[in-house]
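Inspection log for the structure reproduced underneath, given as structure tokens.
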Amino acid sequence: MDIHALRAFDDNYIWLLRRGRHVAVVDPGDEAPVLRYLEAEHAALAAILLTHHHGDHAGGVAGLLARHPVPVFGPAKEAIAGISRPLHEGDRADLPELDGSLRVIDVPGHTCGHVAYYGQGALFCGDTLFACGCGRLFEGTAAQMWASLGKLAALPADTQVYCAHEYTQANIRFALAVEPGNDALQARAARVAGQRAQGRATVPFTLAEELATNPFLRSAVPAVATAAERHCGARLNGPAEVFAALREWRNGFR
Ligand code: ZN
Ligand code: FE
């Protein structure tokens, strides 16, 4: 199974899984780039997978279904028009045309029913985990998001992470404010600056890289906790509280 990126809007990625002429798409917020790809590549749409209900992820479903009546996998806990295969944690999204199957992981926080898909060494996590960042808490609590990120962080370290936005450079500016002395983070900042200067994507990336550089996954690291306490001016008891303080800090960071 090959994985390709389609760009949408300012900074969204629609992930396209392909085997032979069969493709599945993850989070088609816009149908136009998908339809263009199918036509140009003489490819056949086999399935749509959705992580959550936001328009920049699900907005292209109706336009795709109008031409390609395929199964639409998505979170059972969110009311999204077009879903024909509602999924709960532990369910599998089977993609027979692609000879593949992805396991569903509940990751509430950004939205209440947000799911991620994991399989064949790849993680499609929507707006939950970003390179050096995490999604905003629109519906869920910091405690929920902390638990969700913990589930993702426990996957194999060589997992390739396919998030839904190119937010890496802005996230790294924040990460450096939190942890200026992190050598791995400084090296990543330099590498990402080079990639972006050439207009290249910084996604996918590995979980190992996140564990070394993403402040939100590093809430248990003393230097990160100290920085969070200094910023909010209060004692923080444990990584879940550190995470909540970091998320607040990030909301106001420019
Ligand atoms: Zn979203
Ligand atoms: Fe989004």
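This structure is a prediction, so every number in the text was calculated from the model and none was measured. Start at 1 and go down the list; that is how both ligands and their atoms are numbered.
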Run the salt bridge (Lys or Arg N to Asp or Glu O under 4.0 Å) test on Arg19 and Glu97 for me, step by step, so that the C-alpha distance in whole Å, both residues' side-chain angles and the decisive distance to 0.1 Å come before the verdict.
CA-CA 8 Å; Arg19 184 183 169 90; Glu97 293 90 345; over 6 Å; no

Hey, is the main chain of Gln144 close enough, under 3.5 Å, to the side chain of Ser148 for a donor-acceptor pair?
yes

Phe243 and Phe216: aromatic ring centres closer than 6.0 Å?
yes

May I have the step-by-step check of salt bridge (Lys or Arg N to Asp or Glu O under 4.0 Å) for Glu89 and Lys151, ending in yes or no?
CA-CA 12 Å; Glu89 171 140 291; Lys151 288 188 200 175; 3.0 Å; yes

Output, by chain and residue number, all protein N/O/S atoms separated from the Fe ion (ligand 2) by less than 2.8 Å.
Asp56 OD2, His57 NE2, Asp127 OD2, His165 NE2

With Glu179, the salt bridge (charged side-chain N to carboxylate O under 4.0 Å, His left out) member among Arg218, Arg188, Arg173:
Arg218

Please determine, by modelled atom types, if His110 and His54 share a side-chain donor-acceptor pair under 3.5 angstrom.
yes

The Zn ion (ligand 1) neighbourhood, protein N/O/S only, threshold under 2.8 Å
His52 NE2, His54 ND1, His110 NE2, Asp127 OD2

Given Leu137 and Arg247, is the side-chain contact (heavy atoms from CB on, under 4.5 Å) satisfied, shown in steps?
CA-CA 8 Å; Leu137 303 176; Arg247 191 52 261 184; 3.7 Å; yes

Lys/Arg cation over aromatic Tyr118: Arg103, 6.0 Å, 45° cone
no

Mind checking whether His165 and Phe130 have ring centres under 6.0 Å apart?
yes

